[in-house]
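Sharing a structure below in structure tokens format, with a few things to ask.
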2 protein chains.
Amino acid sequence: MNAYFCGMNSLVEENYLKALFTLSQDNNGEVSVNDLSKHLDIKMPTVTNMMKKLAAKKLVHYESYKPLRLTEKGKKEAALVIRKHRLTEMYLVEKMGFGWDEVHEIAEQIEHVRAPEFFAKMDELLNYPKIDPHGSPIPDKEGRIEWNEYSKLSDCKEGDSVIVTAVINTSDEFLKFLNSRAISLGVRIRVEYKEPFDNTMIVSYGQHPREALSHIVCESLLVEKI
Amino acid sequence: MNAYFCGMNSLVEENYLKALFTLSQDNNGEVSVNDLSKHLDIKMPTVTNMMKKLAAKKLVHYESYKPLRLTEKGKKEAALVIRKHRLTEMYLVEKMGFGWDEVHEIAEQIEHVRAPEFFAKMDELLNYPKIDPHGSPIPDKEGRIEWNEYSKLSDCKEGDSVIVTAVINTSDEFLKFLNSRAISLGVRIRVEYKEPFDNTMIVSYGQHPREALSHIVCESLLVEKI
DNA sequence: ATTCTTTGTTAGATTAATAAAACTTTATAG
DNA sequence: CTATAAAGTTTTATTAATCTAACAAAGAAT
């Protein structure tokens with residue numbers, strides 16, 4: 001058998017779990033064999049078969065003709081794969097200089113690497129990020145996910161009041177910039193005006209009644225609406 | 001079939017090629033089925049089978065009961081896998097702070113990632129290194145290898161004259177240190193004395209008749225004997 | 001030169017992941 | 001309430017990678 005190369009729970013299994021996890025978010029935990037089949041581009045009989053195997057491993061609840069549901073164990077496994085994927089995306093963007101749009105395919109591959117130290121190191125070098133470059137939450141080492149509704153400051157409207165919750169870009173320059181404007185996690189910001197031409201925002205916060213933040217900056221600040 | 005996940009030439013195939021390449025260096029290009037079998041920890045019949053498949057793909061020359069030999073195409077493929085492995089090792093050490101001893105297993109996994117941009121980026125960030133952290137040459141993008149005989153300065157004896165050919169550690173601090181002592185690629189160094197206690201070396205070069213280089217420094221300098 | 005050992009090959013079987021064809025269940029539309 | 005469509009399942013088959021057992025060739029040792 002091939003488990004030596006592909007790892008204990010194979011890369012194939014990881015892909016099924018990830019797909020189940022993703023699809024189940026849109027439909028309160030239930031996934032149809034058909035949707036899964038289409039999502040993975042694998043024929044339905046194959047999917048049915050694999051579901052029986054995953055059920056035998058207590059990773060999914062499976063009953064004939066019923067919708068599929070991940071077990072708690074399955075959810076955790078899936079979350080850990082997603083953790084590897086999102087950490088990788090974050091690393092590729094932050095530390096290697098890839099664009100947000102370029103990293104998905106690469107991360108799709110690297111997420112299957114079996115080397116905990118490697119992912120732990122990325123986590124450390126990124127300073128234990130809670131979100132990925134697209135603002136999606138990164139599950140923790142136990143597979144737990146903080147389901148916060150983050151939005152980019154750049155997506156807020158005039159009059160919105162928000163709390164800065166995370167930064168996407170953690171480059172030195174950006175952090176220095178934030179520092180120079182006394183913006184840090186937890187700061188409460190109000191959008192006073194949004195320039196239609198270049199999307200620059202005039203905001204107020206703390207001792208700063210009127211700061212201009214460029215669109216680039218606003219895109220890298222994730223906030224929670226209040 | 002599984003090629004969608006494992007890639008065009010599977011990860012398994014890559015491992016056979018890599019092993020063939022490695023083993024053939026010790027024996028002017030010839031490898032026995034037995035050695036390959038032991039090296040990969042795969043039984044002989046399986047190896048024979050695989051050799052027939054690789055022969056069908058023109059990657060090895062195979063004749064019953066004769067030693068195995070990689071074809072030119074096979075050598076190139078193998079070198080490209082080794083390139084990915086060594087680039088990865090170099091990246092893990094240089095950019096992520098792993099120790100030389102920790103990186104092999106991780107690189108063993110990442111070398112099978114199919115994402116040319118990823119390896120190209122590592123290459124770029126490492127400034128196109130020619131050798132890996134152990135001083136082994138990194139094949140170029142065409143799979144060509146410069147077969148130079150590099151040794152570490154720390155392995156040289158009193159009286160040896162050498163030319164500095166490469167540095168293993170490319171950290172800012174180390175490069176600054178080298179700069180401060182006017183050591184750069186191409187400098188001709190003579191080992192005057194080697195302190196038995198801590199392996200510090202007293203060397204002479206250019207305008208410097210007597211510089212002391214610690215063991216740590218000497219281990220990071222690769223040289224060509226003359 | 002005959003025997004024994006090592007090395008290599010063949011044949012047959014297994015497992016994981018897949019698909020095609022045929023069949024069954026559930027849902028939908030008259 | 002049937003008839004049909006859609007979704008799901010079963011059965012059978014294929015491919016890649018592996019193994020064990022049995023056999024064959026090459027090489028070494030007397």
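Per chain, numbering begins at 1; letters A, B, ... match sequence-line order.
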The side chain of Val33(B) lies closest to which of these nucleotides: dT18(D), dA7(D), dG8(C)? dG8(C)
Calculate the interatomic distance between Tyr16(B) atom OH and dA17(D) atom C1'; express it in whole Å. 7 Å
Roughly how many Å is it from NZ in Lys38(A) to C1' in dG8(D), rounded to a whole number?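 Going from NZ in Lys38(A) over to C1' in dG8(D) covers 12 Å.
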Over all strands shown, is Lys52(A) touching base, sugar-phosphate only, or nothing at heavy-atom distances under 4.0 angstrom? sugar-phosphate
Glu72(A) bridged to Lys75(A) by N-O distance under 4.0 Å: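 Judged by the 4.0 Å cut-off on N to carboxylate O distance, Glu72(A) and Lys75(A) do form a salt bridge.
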Nucleotide nearest Pro45(A) (side chain, heavy atoms from C-beta), chosen from dA17(D), dT10(D), dG8(C):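 Ranking dA17(D), dT10(D), dG8(C) by closest atom to the Pro45(A) side chain puts dT10(D) first.
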Between dA19(C), dG8(C), dT9(D), which nucleotide gets closest to the side-chain atoms of Ile42(A)?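 Taking heavy atoms from C-beta onward, the closest nucleotide is dA19(C).
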Checking salt bridge (Lys or Arg N to Asp or Glu O under 4.0 Å) against Glu13(B), which of Lys18(B), Lys53(B), Lys57(B) comes through?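 The option that passes is Lys57(B).
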Of the candidate nucleotides dT20(D), dT9(D), dG8(C), which contains the atom at the shortest distance from the side chain of Thr48(B)?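 Closest nucleotide to the Thr48(B) side chain: dG8(C).
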Name the residue closer to the 5' end of DNA chain D, choosing between Tyr65(A) and Asn49(B) according to the nucleotide with the nearest heavy atom.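 Here Tyr65(A) is the residue nearer the 5' end.
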Of the listed nucleotides dG8(D), dT7(C), dT18(C), the one nearest the side chain of Met50(A):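 Closest nucleotide among those given: dT18(C).
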Starting from P on dA7(D), measure out to CG on Leu23(A) and report it in whole angstrom. 15 Å
Give the rounded distance in Å between these two atoms: CG of Asp35(B) and C1' of dT6(C).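 So the CG-C1' distance, Asp35(B) to dT6(C), works out to 12 Å.
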Side chain to side chain donor-acceptor pair (under 3.5 Å) between Asn15(A) and His112(A), intermediate numbers included: CA-CA 9 Å; Asn15(A) 282 328; His112(A) 301 296; 3.2 Å; yes
Any idea which of dT9(C), dA17(C), dA20(C) is nearest the Lys43(A) side chain?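 The listed nucleotide nearest to Lys43(A)'s side chain is dA20(C).
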Within 6.0 angstrom of Lys225(B) NZ, more than 12 heavy atoms from elsewhere: yes
Choosing from dT9(C), dT9(D), dA17(D), which nucleotide comes nearest the side chain of Tyr62(B)?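 Closest nucleotide among those given: dT9(C).
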Report the nucleotide, chosen from dG8(C), dA7(D), dT18(D), that has the shortest atom-to-atom distance to any side-chain atom of Asn34(B).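 Looking only at heavy atoms from C-beta outward on Asn34(B), the closest nucleotide is dG8(C).
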